[in-house]
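Being a predicted model, the structure only gives us computed values, none of them experimental. As the structure lists them, so they are numbered: ligands from 1, and atoms in each ligand from 1.
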Amino acid sequence: MLAETSNQMKALALKLFEINAFKFGDFKMKVGINSPVYFDLRVIVSYPDVMQTVSDLLVEHIKSQELNSKHVCGVPYTALPLATIVSLQQSTPMLVRRKEAKAYGTKKLIEGIFNAGDTCLIVEDVVTSGSSILDTVRDLQSEGIVVTDAVVVVDREQGGAANIAKHGVRMHSLFTLSFLLNTLREAGRIEKSTVDAVAKYIASAQINSDGSFVGGDKANLDGANDLVRTRLTYETRANLAKSPLAKRLFNLMANKQTNLCLAADLTKAADILDMAEKCGPYICLLKTHVDIVEDFSDSFISSLQTLAKQHNFVLMEDRKFADIGNTVSLQYSKGIYKISSWADLVTAHTLPGRSIVQGLKAALEGEERGVFLLAEMSSSGNLIDDKYKETSVKIATEGGDVDFVAGVVCQSSNCFAFPGLIQLTPGVKINENVDKLGQQYQTPEHVVKQLGADIAVVGRGILQASNPQQAAINYRDRLWAAYTERVAK
Ligand code: 5BU
């Protein structure tokens, strides 16, 4: 590879990681097991510059490998736009494979003009077992078209090349998973433990073209679970986070050794400041409900910010925004509280849909901020069901705003898989199970070890203790011990 191309490839690898075209974590795969790496190259259609670079490199690859053919055909659907650009750049006519033959009319499987005996180059985005390529090859061959080569963007190195070679098709990949891992490692974007976990998984998860595993032993997949979110340290997760605020908070938690959030639900500014002063050294996050403060003032906020700096904790306004984008944008930045001017983090419901995230982001003027999206609540009888929860997590992990989403407020470890997000869990108290108004409590150990909390929110457990500072120390110690036990397993 030429040095210039090699640099271009490395830059593209980093860019693909940045735009979430691939992620590390614990993901369910089509073949029925979990994988520590997940590719979604569908996102590149939203980044014309990335699309351009990928297709330029594909064309260069086709030329250097002398893959001359009469037609090109993309494997539906992700590779279709790529195949279109390759076709345009090379003036090679395209063929389009229908995934389902039309129920009416001509029942054609392949659209485009061709003759039996014509050659066709396959274009594909990501190859795992190679079965999608083989489906396309089969349909082309049934029309008499000759297929000998496929260019692909990423080879996951799980046996796809060998599988398609058995059917007489050579695979030419732009990237291998190993190259991507090494490039990210070199650039300091992932840790060695991530590289090792993925490498271990790839070595043991070789797949036949029918989707079965080589050796047939699904239970023995080394590394498949090594990137489970709750087993990773906060340091590791800081490196995997897409949101700058999540990165900052993970690092702060690791350095300060605390995963305690104080819910400072008091109604006098002086009381909140007093509590922040006493508990500051033991918390990573101080959470406010600023609309319950009776004597709110700008000087209260500046004092709170000074304490946050002095004791190194992050500020979260638990506003639970829930309106249309335009309204939340105003609620976030205007009015008496001007939340966006001081709160590092806010919370929001996903009820209005993805536009809530865009609305909040639109209010910012360059400040580094983040949002936690609610996927579950701790109150008994709340109306959130599994579908709502799943969609909330999708909003948090997919789309163009993932750099703004720092975490998810939820009550269970299986709520989301991506280790770069922080799980915030309220409803924590040592000596009580419920309050009189529907709040349900769990112990510090239970929320961290069983429910997957990364940060536990404690309000009245500390605020109403006879010695709040001692209570904060106690909660901090128990929560941190539970976390260290969790990651040591
Ligand atoms: P408590 O005093 O520890 O019960 O306070 C819990 C805090 O967490 C309080 O500020 C709530 O508004 C907040 N909270 C919650 O309790 N349950 C939830 O599901 C969500 C937030 Br979301």
Counting only N and O atoms by type, is there a donor-acceptor contact under 3.5 Å from the side chain of K23 to the main-chain atoms of T397?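 Flag set: sc K23 to bb T397 pair under 3.5 Å.
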Look at the side chain of Y475 and the backbone N and O of I430, then say whether any donor-acceptor pair between them is shorter than 3.5 Å.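 Yes, the answer is positive, given that a donor and an acceptor are paired below the 3.5 Å cut-off.
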Got a sec, which residues hit ring-ring contact (aromatic ring centres under 6.0 Å, His included) with Y388, two or more places apart in sequence or on another chain?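 Testing Y388 for ring-ring contact (aromatic ring centres under 6.0 Å, His included), a comparison that skips the adjacent residues, returns none.
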Between D454 and R486, is the salt bridge (Lys or Arg N to Asp or Glu O under 4.0 Å) condition met? List the steps. CA-CA 11 Å; D454 297 314; R486 181 175 94 181; 2.8 Å; yes
With no hydrogens and no angle check, just 3.5 Å: does a side-chain donor-acceptor pair link Y441 and R460?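 Result is yes, a qualifying pair exists.
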What I'd like to find out is whether the side chain of T288 reaches to under 4.5 Å of the side chain of L304, using heavy atoms alone.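 Yes, close enough: below the 4.5 Å cut-off.
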In a simple table, one pair per line, please give the protein and ligand 1 atom names for every N or O pair closer than 3.5 Å, along with the distance.
| residue | atom | partner | partner atom | Å |
| --- | --- | --- | --- | --- |
| ligand 1 | 2 (O) | R460 | N | 2.7 |
| ligand 1 | 2 (O) | R460 | NE | 2.8 |
| ligand 1 | 3 (O) | G459 | N | 2.9 |
| ligand 1 | 4 (O) | Q439 | NE2 | 2.9 |
| ligand 1 | 4 (O) | Y441 | OH | 2.7 |
| ligand 1 | 4 (O) | R460 | NH2 | 2.9 |
| ligand 1 | 10 (O) | D265 | OD2 | 2.6 |
| ligand 1 | 10 (O) | K287 | NZ | 2.8 |
| ligand 1 | 10 (O) | H289 | NE2 | 3.0 |
| ligand 1 | 12 (O) | H289 | NE2 | 2.8 |
| ligand 1 | 16 (O) | Q439 | NE2 | 2.8 |
| ligand 1 | 17 (N) | S378 | OG | 2.7 |
| ligand 1 | 19 (O) | S378 | N | 2.8 |
| ligand 1 | 19 (O) | S378 | OG | 3.4 |

